[in-house]
Amino acid sequence: MPNGQKEQFPVPKHIAIIMDGNGRWAQKRGLPRNAGHRQGAKVLENICDYCQKIGVRYVTAYAFSTENWKRPQAEVDTIMDLLRNYLKEASKQTRRNVRLLFLGDRTPLAGDIRQLMDQAERESAGNTGITVCMAINYGGRAEIVHSARSLARLAAQGRLDPDRIDESLFAQYLYTKEMPSPDLLIRPSGELRISNFLLWQLAYTEFVFMDVLWPDFTPSHLDQAIAQYAKRNRRFGGI
C-alpha cells in the first residue's frame, strides 16, 4: 500500500479466541507458568481495546475450561486471582463503554468471584460498545448438555411440546443466547484443535490457527488473522 497505509478488510462482528501458550511462553524464558498467565491477561486487555477501536462488536475469550481444574493447584490459584483482579477493576470497562459477560458453569467458583461476576455484568449491562465475553469453567459439551436438560425439564413439566424444539429454541438455552455466533476463531500457539470450545456456535465459523504464543500476540497478528478471514468465501452451505 502507498505511504505505508494498511490494506483495509471487512471486520468480523464476533471474534472468538483460544488464549493458548501461556505456560510455554513462560517456560521458554525460564519463568514459572504463572508469569505466562499474567502476561496473557495483559495481552487480552490490549487486544480487546484494539478490537473495539477497529469496530469488532464481540470478543469471546477462552480463559478457563472445565478441564483446566486438572492443572497444578498453584496455577489454578493464579488464574483465579487474575480473574479476581480483573473483576475488581471492572469499573474501568464501564468507563470505556465495554459490556462484560461470562460464559460457563459458575457453581464451582469461589463465592466472591461469582458475586463480582454478577456485579460486573449488572453494572456494564447498559454499555453500548464492544461486548467482552469471558469463558470461565466453560466446556462446549457441558453447555449443550445444560441446554438439553433445561428443555427436558420444561417438557417434563408439560410447559413445552418436544416437537417445538428446533435449532433456534435450543440456542436460546445456551450460555451464548445474547450474542451472534462467532465469525472468526483465532487459536495461537500452533495447536490445531478447538478444545471443546463453542462446539455449537462454531458450526460455520472461519478458523485461523497461528504459530505464535498468546503472550506474544499483538494487534498486528490480529490484523493478519482478519486478512485471512476476509479472503474466505462464506457460503453457509450455499453456492
Side-chain angles (χ1 to χ4, degrees), residues 1-22 24-25 39-63 65 96-103 128-135 138-140 143-144 167-168 171 174-239:
M1 296 291 290
N3 302 321
Q5 294 179 348
K6 291 193 300 183
E7 187 175 357
Q8 298 298 310
F9 295 102
V11 175
K13 183 176 183 180
H14 184 177
I15 296 177
I17 303 172
I18 299 176
M19 302 184 293
D20 195 18
N22 293 336
R24 278 171 283 167
W25 181 89
Q39 180 61 25
K42 294 177 183 177
V43 169
L44 176 62
E45 186 167 357
N46 185 36
I47 291 300
C48 288
D49 285 346
Y50 184 70
C51 283
Q52 178 157 250
K53 179 181 176 181
I54 64 175
V56 176
R57 299 297 299 163
Y58 298 86
V59 171
T60 299
Y62 205 6
S65 76
R96 290 158 47 220
N97 201 25
V98 175
R99 184 185 182 197
L100 295 175
L101 291 175
F102 300 93
L103 315 179
T128 57
I130 191 171
T131 297
V132 175
C133 313
M134 302 283 288
Y138 174 88
E143 180 184 28
I144 291 170
E167 291 183 16
S168 178
L174 296 171
Y175 296 130
T176 55
K177 58 184 178 296
E178 296 184 50
M179 67 190 76
S181 293
D183 303 294
L184 170 63
L185 169 74
I186 301 171
R187 180 166 191 162
S189 85
E191 302 291 353
L192 305 177
R193 57 181 178 270
I194 60 173
S195 297
N196 197 22
F197 186 43
L198 300 176
L199 299 181
W200 175 280
Q201 298 85 347
L202 295 179
Y204 282 102
T205 299
E206 299 296 329
F207 293 3
V208 173
F209 298 102
M210 307 185 79
D211 194 15
V212 55
L213 300 176
W214 175 248
D216 288 327
F217 196 88
T218 66
S220 178
H221 291 111
L222 184 69
D223 287 339
Q224 294 172 34
I226 291 175
Q228 288 191 48
Y229 162 84
K231 295 175 183 177
R232 310 277 178 88
N233 182 10
R234 305 188 74 203
R235 297 185 299 275
F236 299 97
I239 296 176

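These figures come from a predicted structure and were not determined experimentally. The analysis underlying the following values was restricted to heavy atoms, covering all of them including side chains, and did not include hydrogens, waters or symmetry mates. This chain uses plain numbering: 1 for the first residue, then up along the sequence.
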N/O donor-acceptor pair under 3.5 Å between [X] side chain and [Y] backbone:
X    : Y    : value
E206 : Y229 : no
N196 : G139 : no
Y138 : A63  : no

Are the side chains of [X] and [Y] in touch, meaning some heavy atoms are under 4.5 Å apart?
X    : Y    : answer
R232 : V208 : yes
F209 : E191 : no
H221 : P188 : no
S181 : Y204 : no
M179 : L101 : yes

Between [X] and [Y], which heavy-atom pair has the shortest distance, and what is it?
X    : Y    : answer
R187 : S195 : NH1-OG, 2.7 Å
C51  : I15  : SG-CD1, 4.4 Å
L185 : T205 : N-CG2, 3.4 Å
P12  : L184 : CG-CD2, 4.0 Å
A225 : M210 : CB-SD, 4.0 Å
W200 : E167 : CZ2-O, 3.8 Å

Which distance, rounded to the nearest 0.5 Å, do you find between the [atom1] of [X] and the [atom2] of [Y]?
X    : Y    : atom1 : atom2 : value
N97  : I130 : CG    : CD1   : 10.5 Å
Q52  : T131 : CD    : OG1   : 9.5 Å
C48  : L100 : SG    : CG    : 9.0 Å
I186 : I226 : CD1   : CD1   : 6.5 Å
L222 : I17  : CG    : CD1   : 6.5 Å
L103 : Q201 : CG    : CD    : 8.0 Å

Notebook entry, point to check: Who pairs with R57 by side chain to side chain donor-acceptor pair (under 3.5 Å), at least two apart in sequence or on another chain?
Noted result: none
Notebook entry, point to check: T176 and E143: side-chain contact (heavy atoms from CB on, under 4.5 Å), yes or no, with the steps?
Noted result: CA-CA 9 Å; T176 55; E143 180 184 28; 3.9 Å; yes
Note to self: Name the residue from Y62, Y175, F207 that meets the ring-ring contact (aromatic ring centres under 6.0 Å, His included) definition with F197.
What the structure shows: Y62
Check: Could you walk me through whether I47 and V59 pass the side-chain contact (heavy atoms from CB on, under 4.5 Å) check?
Finding: CA-CA 9 Å; I47 291 300; V59 171; 5.8 Å; no
